[in-house]
Structure formats: C-alpha cells, structure tokens
Amino acid sequence: MPTPRPWPQAVETVITTEAGLNLDPLIDIRMEALVQPGDTVALGRPVLKDRRRPELLVTAPMGGRVVQLELGAGRRQASLLIQHDEKVRPHQFDVRDARRECERGSGGPALRDLLQASGMWMRFRSRPFGRVPAGYAVPALIMVMAIDTKPLAPDPCLALKGETLDHLKLGLQALATLFDGPIRFCQDDGPAIVEESDRIRIARAGPLHPAGLAGSFLRREFRSGQNLNIWEISAEDVVGIGHLLSEGFLPATRLVSVAGPGLRETRLVRCQPGADLRELCHAHMKPGPHTILSGSALDGREARWLGWRARQVTVLERRDTKPQPHWLESALRRASRPEPVIATSAVEHALGGAMPGMALLRALAIGDDETAAELGALSLLEEDLALVDYVTAASPRFADLLRACLDRIEAMT
Amino acid sequence: MIRGIWNRETVAMVWVAAALPLAVTWLLAEGSAGAIRLLFVLIVGGVCQAMFTVIRAQRPSLAGLVSALLIAMLAPQVGPLQFALGVAFGFVFGELVFGGWGRSVLSPAVVAIMFLGFAFPAAAWPHLPVQIEWAVFPAVVLLLAFGVLPWRALAGAVLVLVIAGGFALPPFGSAVAVVLVFIVCDPAICATSPLGRWLAGALFGLLFALFGSVWQASAVQMAVCAALLVSLSIPLLDELAIAVWRLSGRFRHG
C-alpha cells in the first residue's frame with residue numbers, strides 16, 4: 001500500500017457531530033461514570049474514572065450533551081456518545097501552580113495533578129506491558145514520538161509548525177519537570193525540530209517501517225534483560241500538554257489522516273479525539289462494501305470511533321465473498337498445527353534487525369516466556385510485531401502471542 | 001486488516017522455481033535413467049507426505065520436490081528396494097516426524113543420502129556433470145532477488161573456499177555448488193541470526209576444504225558429509241550468536 005506523496009497540503013478541520021469513546025484494550029480500567037445521560041459536558045471535563053486508580057480519568061473529547069453512557073461487562077467497556085454543541089466553552093483548568101513548577105524545573109506534584117485531572121496522563125504508555133502508568137510512577141526514560149512510519153500515517157511534523165512549536169517546547173519542559181531522567185525526541189532524518197539539551201536528546205530513524213516505532217528506537221539503544229521502565233507519548237500529545245499549560249484548556253483537535261484503497265481521495269483532517277469515523281469517511285468512499293479501521297492497515301481495528309491513540313483512519317475494501325474451500329483443505333486447516341515461519345529477508349526486515357528476532361518468534365510460538373523475555377520480548381508491544389504478522393500472514397498472529405506472553409509475565413510479577 | 005504473502009508455501013514455491021534450471025540441466029545430462037530415478041523418488045516422497053497428511057493432518061510442502069530432486073541427483077547408486085527404504089527414511093525421519101518443512105533440523109535430502117552412504121559404503125557415488133554448476137547461478141540470482149537465500153551463509157562459505165583454495169579462484173565444482181546452495185543455504189534449515197549464518201557458511205567451507213585435503217572420496221560424498229555436520233551444528237551456532245549478542249549488550253550499557 002504505497003504512501004501517497006505528496007500529502008494534500010490543506011488540512012481541513014472537521015468536528016463530527018457525534019463523538020464516542022474507543023479506548024485501547026490495553027487500558028484496562030474498571031470504569032465508574034461521572035456524568036449522566038442528558039448532562040452537558042465541556043471539553044476536558046471528566047466523564048469516567050477508574051475505580052481502582054481514581055487518578056486515571058477519561059475526559060470529554062468535545063463540548064456537548066451526553067446522549068448515551070452505558071457500562072459494559074465487568075465495567076471494562078463503556079459506550080459513550082456525546083453530541084456536539086459548539087456553544088459549550090472548553091473547561092478552564094487552573095494551571096498556575098503547574099506553570100510555576102515548570103519554570104522552577106523541579107518536583108511536580110501540581111503538574112501531575114493537572115495532567116491527571118485533564119486526562120492527559122492517559123496518553124502515556126509504559127513499557128513493559130504497554131499500560132497507562134500509575135499516578136505516582138516515575139519512568140527511567142520518556143520517548144517523545146515525532147515520527148510515524150506506519151503505512152498511510154500522517155507525518156507528525158505537519159502538526160509541529162508555527163505556534164505549536166512553542167507549545168511543544170513548553171510540553172517538553174513539563175515532561176522534564178515530571179522526572180529526572182533523559183528524554184528521547186524521536187524524529188525523522190530531516191532538520192532538528194527541537195534543540196538538544198542535556199536532558200533532551202534527538203534520535204533519528206529512516207522513513208521505512210518499522211524504523212519509526214518506539215520499539216525499534218528502543219532496540220537500537222537498549223538491550224533486553226534490563227529493568228526497563230520507559231514511557232512513550234506522541235509529540236502531538238506533548239503539544240497538547242504545552243497547550244494546556246499555556247492556554248488553560250485542552251486542544252480540541254488532533255491531526256488524522258483518512259486514507260486507504262476504499263477512498264476516492266486521501267485527506268488530512270484535524271478532528272476531535274473519538275471522532276465519528278463514518279462521518280469522516282462517508283462523503284469520500286468508493287462505491288461498494290468497506291471496512292473502516294481506526295489505525296493503520298497493519299494493526300488497526302474495525303471501529304466506529306477514532307481510537308484512543310490512533311492518528312489515522314484506513315478504509316479498506318471488504319471482500320465478503322470468499323470461495324468455499326475444498327473439504328480436505330478446510331479439514332486440514334482445522335486439524336493441523338500452524339505453518340512455521342521461514343526466515344527470509346522479508347521477515348528479517350520486518351523485525352528491524354538488532355536482535356535475534358527469529359529466535360524470539362520461535363520462543364513466542366511455543367510459549368516459552370522465559371526465553372522470550374531474555375530475547376527482548378519485554379521491550380516489545382503488539383505494534384512492533386504487526387509487520388511480521390503482515391509479511392508472513394502468520395496464524396495465530398505473533399502480536400497476539402506476544403500479548404499472551406506479556407500477560408503471563410505480568411501476572412507473575 | 002491486510003495480510004501479506006510470504007507464508008511457508010510462497011517461500012517453497014520460490015525454492016522450487018530456483019531448482020527448475022538445475023532439474024532441467026541434470027535431466028538433459030542424465031537422460032531417461034535420471035528421469036526414472038527422479039520419478040521414483042518423487043513417488044516415494046509423495047507417499048510419505050500423503051501418509052502424514054492423512055494420518056497427522058500435516059500439510060505437505062512443495063519444498064519436498066526440491067528434496068526429491070537432490071536425492072535423485074546426489075544419492076549413491078543402490079538397488080531399488082534399498083533406495084526406496086533410504087528415501088522413505090530420509091523423508092520421514094529427516095523432516096516429517098518433526099512437523100514438516102520449516103520445523104526440522106535436517107534436510108530430508110541429507111538424511112536420505114547419508115543413510116544410503118553409511119548403509120552401503122561400497123555403493124558408487126554419482127559424478128555430477130560440469131554444466132550443473134552453471135545451472136546453480138540462475139538459482140542463486142533468483143533466490144537472492146526474492147530474499148530467500150541467506151546470503152551471509154553463502155558469502156561465508158565462498159570466502160573460506162576461496163581462501164582455502166589459495167586465492168586461485170578455481171571453479172568449486174558442481175557438487176559443492178549444489179550442496180551449498182540447496183542444502184546448507186536452505187532457509188528452513190540454515191541458522192537464523194546474522195552471525196550464525198556467517199559461521200555456518202564458513203564451517204561448511206572449512207569442513208569441505210579439510211575433507212578435500214585428507215580424504216580420497218567423491219566430491220559429492222565430501223560435500224554432503226560437510227553439509228550434514230553443518231546442519232547438526234546450526235543450533236549450537238545460533239546459541240553462540242545469541243550469547244555474543246547478550247554479551248555485547250552488557251558491555252554497551254554497563
């Protein structure tokens with residue numbers, strides 16, 4: 001699937017009339033509703049909170065009226081529907097204490113409180129295991145991802161221009177206030193976006209997937225067996241933190257690419273988090289049945305709302321009419337063990353090198369958690385193996401095997 | 001979500017395509033005797049694969065065609081019953097009991113050929129015509145272009161063979177070319193780490209050079225013996241590569 005070059009220069013701002021919640025399945029929280037259907041919420045007001053860790057809040061992605069809020073099985077799922085109302089002003093946070101801490105550059109309880117109250121804390125993802133870090137946790141390293149090499153993903157640099165650069169600087173300063181370790185700013189081969197300092201170092205990668213994944217950066221710099229506690233956050237969310245600190249309210253939109261073979265044209269839009277994907281795509285679809293994925297074609301999920309961390313929407317043509325397989329073929333498929341993966345250079349490239357990848361894949365395939373952890377599985381998340389799954393058409397998917405392995409290791413610790 | 005095409009059978013198809021020029025050249029040189037021999041191996045190997053398909057629901061692989069060709073080309077000359085036994089032994093105990101192509105440690109061709117070689121030491125080893133070596137070149141180009149051939153193993157072996165030959169760049173001979181490309185560099189058998197692949201290739205070159213200097217035997221026998229020893233040592237070489245990787249990480253980040 002070739003990336004369209006050049007991308008359309010014009011970025012439309014689209015606020016869909018409805019928005020929902022599509023949480024990452026890794027954000028394992030037991031939700032408690034803080035609003036009722038019929039309430040009016042402002043952008044940034046809390047909507048849901050975690051019962052076990054009350055500092056984790058989900059805030060409203062836009063101002064409007066709550067039409068529906070239902071909690072699903074085990075309070076793990078929520079179906080939230082908000083109707084847009086442009087008359088509702090965004091919620092103003094009190095950011096004076098947090099700003100003072102940023103200027104002093106040390107400590108940061110007020111800043112932590114602000115990030116947690118505004119829901120920006122939920123934008124962090126920690127490794128190993130890929131969960132949202134606990135409210136009191138301190139990372140060893142924060143990676144700021146200003147590069148995205150997934151197919152049809154927008155160039156994050158497009159969102160880092162003009163006054164957002166000032167917000168980015170302020171956001172990075174805020175990150176540096178949160179903890180004492182180093183910050184890696186991961187970007188493409190182009191000119192430096194931010195200035196390097198003793199805390200902030202720039203790491204670069206080429207344009208070929210999987211070079212731009214946080215896992216690939218990590219593997220180049222660190223080896224397995226270390227007690228990793230690494231957080232990642234996208235550059236646009238750092239801009240959001242800067243925006244929050246300077247303006248006092250959350251940014252209303254994020255940059256999203258709407259692309260794929262099912263569309264007549266490729267678009268770059270700025271829409272609210274949790275935007276309605278059908279409304280985003282509807283007017284631009286080719287005729288015929290489609291699948292709308294939140295995320296890339298490699299690791300996206302079919303969804304109605306824009307995903308929690310998704311910055312792209314992929315529309316694929318759906319092929320429902322598969323020919324009936326021969327009875328022996330289907331009997332074999334059900335009875336046989338999955339086919340092994342042959343170590344070709346396609347697999348080697350998909351693994352990104354710099355680690356014994358095939359050995360890791362074999363350890364995952366046989367469920368040998370100890371060897372997998374030794375070979376670096378703890379520094380990986382599902383997205384790092386999505387390209388291997390694509391290339392080899394492996395079944396079961398290595399991404400799922402990795403998640404099962406990580407879950408078992410997490411349960412033991 | 002989209003799925004790619006490089007599953008096991010796609011690789012096996014490229015593997016078979018690469019062996020086609022070899023098969024044609026060999027059949028042109030050997031004539032009808034060769035064709036009958038190849039057909040015989042194909043039938044025996046096919047029966048074995050079919051039995052595992054029916055009894056153990058283990059999918060057959062196209063790579064079996066290449067193994068059959070290699071056995072027909074390289075196995076020593078024995079009677080038909082012994083030959084059938086050897087071929088069946090190679091397919092079943094070399095590959096099928098481990099789960100088929102991609103899960104086994106050894107190539108069924110190596111197991112069958114060495115089984116016959118050890119069982120019948122007096123049997124005559126075949127002599128490969130010189131044009132076979134030239135048929136290996138298009139195979140190498142095709143396999144490299146599709147990224148199926150582990151080029152590090154090939155480079156390691158060629159490097160050691162050239163050095164051992166005193167930089168005279170002699171043609172390596174048909175036996176070495178065929179065994180190196182289709183048995184040592186079999187992507188399902190060969191080492192998977194970059195260092196392991198260099199070592200596997202170099203080990204093959206070293207063993208062949210050693211056999212050539214101390215052992216008065218046919219080139220085919222020496223090459224297949226070297227390939228068997230290399231295949232058996234590949235798990236060790238991979239472990240070695242992982243140990244080196246671990247150590248280098250320790251030194252990089254204290």
Using a cut-off of under 4.5 Å on heavy-atom pairs, state which of A:Gly300, A:Ser296, A:Ala346 scores highest against chain B. A:Gly300
Scored by heavy-atom pairs under 4.5 Å with chain B, the best of A:Ala386, A:Gly295, A:Pro338 is A:Pro338
Enclosure of B:Arg3 CZ (heavy-atom neighbours >12, cutoff 6.0 Å): yes
Which bit of A:Arg362 is near chain B, if near means a heavy-atom gap under 4.5 Å: side chain, backbone, both or neither? side chain
Under 4.5 Å from any heavy atom of chain A, what part of B:Trp151 do you find: side chain, backbone, both or neither? neither
Does the pair B:Arg152 and A:Glu348 meet the rule for a salt bridge (charged side-chain N to carboxylate O under 4.0 Å, His left out), with working shown? CA-CA 13 Å; B:Arg152 291 182 181 90; A:Glu348 215 171 288; 3.3 Å; yes
Pairing of B:Arg246 and A:Glu374 as salt bridge, 4.0 angstrom limit: yes
For residues B:Ser61 and B:Glu9, is any side-chain donor paired with an opposing acceptor at under 3.5 Å? yes
Go through the atoms of B:Thr10 and report whether side chain, backbone, both or neither lie under 4.5 Å from a heavy atom of chain A. neither
I need the residue from A:Ser395, A:Ala359, A:Ala394, A:Ala393 with the largest number of non-hydrogen atom pairs under 4.5 Å to chain B. A:Ala393
Parallel, tilted or perpendicular: which one describes the rings of B:Phe89 and B:Phe115, with boundaries at 30° and 60°? parallel
